[in-house]
Amino acid sequence: MESLPSFSAIVLAGGQSSRMGRDKALLPVRGVPLLRRICTLAAERATTVYVVTGHGDAHELIVPEPCRIIREPPPARGPLFAFSLVLPLVETEWVLLLACDLPLLTADSVREWSEILPDVPEEAIALVPYLDRHWEPLCGFYRRRCLAGLRKFIATGGNSFQQWLNASPVHELPVANPRVLFNCNTPADLEVIIHAPDKRPDEKHHERDKN
Ligand SMILES: Nc1nc2c(ncn2[C@@H]2O[C@H](COP(=O)(O)OP(=O)(O)OP(=O)(O)O)[C@@H](O)[C@H]2O)c(=O)[nH]1
Ligand SMILES: [Mg+2]
């Protein structure tokens, strides 16, 4: 049997959780903190998992053993910048970038998506879901060599994933079940996940990130 393509993972966990009102990464869903859940899932498939956070002391206690915590110095400068900080550490051609607030993402989806990697055109710098005329940048794969373009974009004052990806050659990642991308940003989103996890979380009822 052909072996699956290898990739690393970067989990971003250094946000301010201003809409949630408390650190999302620590929120338990069915007894497991969101950050711990996503790290465990990523570690099932990725060769190395990097967790980028400015909240290192609290996060160290819940991040599972094989993951590497990369402490980001304050002030937090947003997800695009945090990604650029850790990308130089990545040794595989592909890296899966993940937010910590994806409670419905499954290891099966990640495995399925990773099988597409060998077929992504050489010129593409990333394989990212595109739904409702928006990229879902914090649940997508990036080629390590996107770093040069990313640094240039940041140097010109850029901080939006949407703008960066719109200006770059990106391959769309087809997502059969968009529910797995559900993003838990607010107390209302958390309610849905805790009390009605099987209800289809409605796009209209959860706030999109402004990345
Ligand atoms: N390391 C790092 N992660 C970040 C930063 N900003 C956001 N993130 C992470 O990126 C992911 C998506 O961000 P959001 O869902 O907007 O989270 P947030 O910024 O904490 O929340 P809001 O303040 O409500 O926008 C989350 O996993 C955050 O923890 C940052 O400056 N550094
Ligand atoms: Mg979010």
Side-chain angles (χ1 to χ4, degrees), residues 8-29 32-42 46 49-63 67-90 95-105 110 126 128-129 131-132 134-142 147 150 153-154 157-165 175 178-193 201-211:
S8 313
I10 295 175
V11 178
L12 299 180
Q16 299 306 303
S17 300
S18 52
R19 286 167 290 174
M20 187 62 78
R22 57 203 164 118
D23 188 355
K24 282 189 281 198
L26 305 177
L27 289 177
V29 172
V32 183
L34 281 179
L35 175 58
R36 185 175 176 82
R37 183 186 178 279
I38 201 82
C39 286
T40 304
L41 183 154
V49 180
Y50 306 88
V51 180
V52 201
T53 177
H55 317 293
D57 290 345
H59 291 176
E60 212 156 76
L61 300 169
I62 58 162
V63 166
C67 304
R68 283 181 59 184
I69 294 198
I70 310 297
R71 287 174 180 253
E72 181 184 2
R77 292 179 57 184
L80 194 69
F81 185 77
F83 178 41
S84 77
L85 277 185
V86 186
L87 199 47
L89 303 179
V90 169
V95 60
L96 172 62
L97 180 64
L98 294 168
C100 68
D101 58 356
L102 296 165
L104 301 182
L105 186 63
V110 170
V128 179
L131 298 164
D132 196 18
H134 275 82
W135 298 104
E136 292 289 345
L138 304 188
C139 190
F141 291 87
Y142 295 79
L147 180 63
L150 176 57
F153 179 73
I154 291 173
N159 63 9
S160 155
F161 266 101
Q162 303 297 328
Q163 285 175 11
W164 176 53
L165 295 175
V175 177
R179 195 169 178 272
V180 299
L181 301 175
F182 180 75
N183 203 222
C184 195
N185 290 315
T186 65
D189 295 336
L190 187 64
E191 277 293 298
V192 171
I193 291 309
D202 188 336
E203 273 290 321
K204 293 182 207 86
H205 294 147
H206 91 261
E207 271 180 57
R208 188 181 282 286
D209 290 338
K210 59 244 166 270
N211 311 310

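For ligands, and for the atoms within them, numbers begin at 1 and follow the listed sequence. Along the sequence shown, residues carry numbers from 1.
The side chain of L138, and not its backbone, has at least one atom closer than 4.0 Å to an atom of ligand 1 (non-hydrogen atoms only; side chain from C-beta on). When heavy-atom distances to ligand 1 are checked against a 4.0 Å cut-off, A99 comes that close through both its backbone and its side chain.
Counting atoms of ligand 1 from 1 in the listed order, those under 4.0 Å from a heavy atom of V52 are 1 (N). For ligand 1, the atoms closer than 4.0 angstrom to any heavy atom of D209 are 12 (C), 13 (O), 14 (P), 15 (O), 16 (O). Residue-ligand proximity, A82 to ligand 1, at heavy-atom distances under 4.0 Å covers atoms 1 (N), 2 (C), 32 (N). Counting atoms of ligand 1 from 1 in the listed order, those under 4.0 Å from a heavy atom of N185 are 15 (O). Counting the atoms of ligand 1 from 1 in the order shown, those under 4.0 Å from a heavy atom of P79 are 5 (C), 6 (N), 7 (C). Of all atoms in ligand 1, listed by their number and element, those nearer than 4.0 Å to a heavy atom of R77 are 31 (O).
Of the options G14, P74, S17, the smallest heavy-atom separation from atom 21 (O) of ligand 1 is shown by S17. The residue among L98, L12, L34, L97 with a heavy atom at the shortest distance from atom 9 (C) of ligand 1 is L12. Across the listed options H59, R71, Q16, K24, K24 owns the non-hydrogen atom lying nearest to atom 15 (O) of ligand 1.
Regarding atom 16 (O) of ligand 1, its nearest protein heavy-atom neighbour is R19 NH2, 3.0 Å. The protein atom (non-hydrogen) at minimum distance from atom 28 (C) of ligand 1 is G15 N, 3.7 Å. For atom 25 (O) of ligand 1, the closest non-hydrogen atom of the protein is K210 NZ, 2.6 Å. Protein heavy atom nearest atom 23 (O) of ligand 1, with residue, atom name and distance: S18 OG, 2.5 Å.
Formation of a donor-acceptor pair under 3.5 Å by the H55 side chain with backbone atoms of A25 is not found in this model. Under the 3.5 Å distance criterion, the side-chain polar atoms of Y50 are left unmatched by any main-chain donor or acceptor of C67. Remark: side-chain polar atoms of R36 are paired, donor with acceptor, to backbone N or O of I62 under 3.5 angstrom. Checked by atom type and distance alone, the side chain of Y142 never pairs as donor or acceptor with a backbone atom of V128 at under 3.5 Å. In terms of modelled atom types and a separation under 3.5 Å, the side chain of S17 and the main chain of K24 share a donor-acceptor contact.
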Side chain to side chain contact (heavy atoms under 4.5 Å, CB included) between L131 and L181, worked out
CA-CA 10 Å; L131 298 164; L181 301 175; 3.3 Å; yes
Assess whether side chain to side chain contact (heavy atoms under 4.5 Å, CB included) is satisfied between L80 and I154, documenting all intermediate values.
CA-CA 8 Å; L80 194 69; I154 291 173; 4.1 Å; yes
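Of the polar atoms of E72, at least one N or O is found under 3.5 Å from an N or O of ligand 1, judged by distance alone. The shortest N or O to N or O distance between N211 and ligand 1 is not below 3.5 Å. For G78, a nitrogen or oxygen atom sits less than 3.5 Å from a nitrogen or oxygen atom of ligand 1, counting backbone and side chain alike. Considering backbone and side-chain atoms together, A76 places no N or O closer than 3.5 Å to any N or O of ligand 1.
Side-chain contact of N183 with D189: a donor-acceptor pair under 3.5 Å is absent, judged by distance alone.
Here the side chains of P137 and L165 are in contact, with some heavy-atom distance below 4.5 Å. Residues C39 and V51 have side chains in contact (heavy-atom distance under 4.5 Å, counting atoms from C-beta outward). Side-chain atoms of H59 and L35, non-hydrogen and from C-beta on, do get closer than 4.5 Å to each other. Counting heavy atoms from C-beta outward, R22 and L27 have side chains that approach closer than 4.5 Å. Using a 4.5 Å heavy-atom threshold, the side chains of S160 and N211 count as separate.
Within a 6.0 Å sphere centred on CZ of R77, heavy atoms belonging to other residues, nucleotides or ligands number 12 at most.
Closer than 2.8 Å to the Mg ion (ligand 2) sit the protein N, O or S atoms D101 OD2, N183 OD1, N185 OD1, D209 OD1, D209 OD2.
Salt bridge absent: D101 and R37 never bring a charged side-chain N and a carboxylate O closer than 4.0 Å.
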